[in-house]
Amino acid sequence: VCTSADARDQRLRASLWVQSRDGFSLLIDTSSDFRQQALRTAIPRVDAVLITHSHVDHIFGLDELRRFNTIQHERIPLYASPSTIQDLRRVFDYMVTPRHIAPGGYLPEIDFYAFPEEVTTIGPFEVQPLPVEHGHTVTWGYRIAIGAKALAYIPDCKTLSDDVRRRIRGIDTLILDGLRTRQHGSHMTIPESIQAIEGVGAKRGFITHIGHDYSHEDIIAMLPPHIQPAHDGLVIES
Ligand SMILES: [Zn+2]
Ligand SMILES: [Zn+2]
């Protein structure tokens, strides 16, 4: 799959960029490929960051935010669960411990906030954290609403609790983990993902965090019409 000529088969790490109609820019996860993704998509600014969990593929692009500090002349707020914030402060100790800051050093300027478990307002968005099971850890998906429109982004999970299912019932857009068809200990399979999207009655679904077992076209053939495989650079309007 990785050598396929179909551009949709070139899969970088999972992340999502959400922009409101008035231009508020919310980034979900700073993936290891964030620099490449930001350049390719020409992300003009980052007003806030949400992190789903502290696995390397979702956070190792964090340092690249410093360029946005320079462009915007401001610090950038980052929101995550208390335990994820703890991990980020440990992994990126050099950003938060002043003794590391050498003269001329160029560090990201990020304010870390542990979110409450209920709804939080970030810019124009109502953000509801959705705790989901991801192997031995809890990961956070997010329900992001603006006016009557809502999407949920849950890139890394094995199962959805009844409570999370209730909170995303009938949602406009659900972007959900679907790694492959073989069983995996911490990720949903594509059939499990289809079942979950249909189970909550999402109006449309996108499978993300896809591995390299199948091409984009192979996956389309496995899915009902209202569910599609996501791909790098995919733009969803709502
Ligand atoms: Zn993960
Ligand atoms: Zn992941």
Side-chain angles (χ1 to χ4, degrees), residues 1-2 8-18 26-38 40-41 49-65 78-92 112 114-115 117 127-144 151-161 164 168 173-194 196-197 205-214 216 219 227-234 236:
V1 169
C2 303
R8 298 170 304 174
D9 289 333
Q10 307 298 314
R11 297 177 185 135
L12 298 178
R13 273 57 161 243
S15 66
L16 180 70
W17 175 50
V18 185
L26 174 64
L27 177 67
I28 307 183
D29 288 337
T30 52
S31 89
S32 320
D33 300 316
F34 173 56
R35 181 175 181 277
Q36 194 180 346
Q37 290 162 327
R40 187 184 54 193
T41 309
V49 179
L50 270 170
I51 300 288
T52 57
H53 63 308
S54 57
H55 283 166
V56 162
D57 50 325
H58 298 261
I59 64 168
F60 263 26
L62 189 67
D63 192 83
E64 306 293 352
L65 285 173
L78 178 150
Y79 304 84
S81 71
S83 70
T84 305
I85 295 287
Q86 216 171 39
D87 290 344
L88 292 174
R89 288 181 165 279
R90 191 182 70 249
V91 172
F92 297 99
F112 293 91
F115 55 59
E117 296 195 7
V127 176
Q128 187 173 36
L130 307 168
V132 289
E133 182 243 321
H134 176 41
H136 295 303
T137 56
V138 174
T139 302
W140 298 81
Y142 296 102
R143 180 184 187 279
I144 299 169
L151 72 82
Y153 181 63
I154 311 174
D156 291 54
C157 70
K158 180 63 190 169
T159 57
L160 301 180
S161 67
V164 165
I168 59 175
T173 304
L174 173 56
I175 307 168
L176 187 62
D177 191 353
L179 187 71
R180 60 190 193 192
T181 54
R182 284 176 294 134
Q183 274 295 325
H184 189 280
S186 53
H187 288 277
M188 280 190 178
T189 62
I190 293 169
E192 285 168 344
S193 192
I194 296 170
I197 293 167
F206 294 90
I207 309 265
T208 191
H209 216 302
I210 301 166
H212 58 195
D213 287 359
Y214 297 100
H216 192 82
I219 298 168
I227 304 178
Q228 293 170 40
H231 60 83
D232 283 40
L234 173 68
I236 302 169

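Order of appearance sets the numbers: ligands from 1, and atoms from 1 within every ligand.
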Visitor: Is the closest side-chain donor-acceptor distance between His187 and Asp177 under 3.5 Å?
Guide: yes

Visitor: Could you pull out the N/O/S protein atoms under 2.8 Å of the Zn ion (ligand 2), ignoring any water?
Guide: Asp57 OD2, His58 NE2, Asp156 OD2, His209 NE2

Visitor: Distance-only, no hydrogens or angles: does the Asp29 side chain make a donor-acceptor pair with backbone N or O of Ala14 under 3.5 Å?
Guide: no

Visitor: Can you tell whether the side chains of Asp232 and Arg40 come within less than 4.0 Å, N to carboxylate O?
Guide: yes

Visitor: Under a 3.5 Å cutoff, is there a donor and acceptor pairing between the side chains of Asp156 and His55?
Guide: no

Visitor: Taking 4.0 angstrom as the limit, do Arg11 and Asp9 come out as a salt bridge?
Guide: yes

Visitor: What is the ring orientation for Phe115 with Tyr142, classed by angle as parallel under 30°, tilted 30 to 60°, or perpendicular over 60°?
Guide: perpendicular

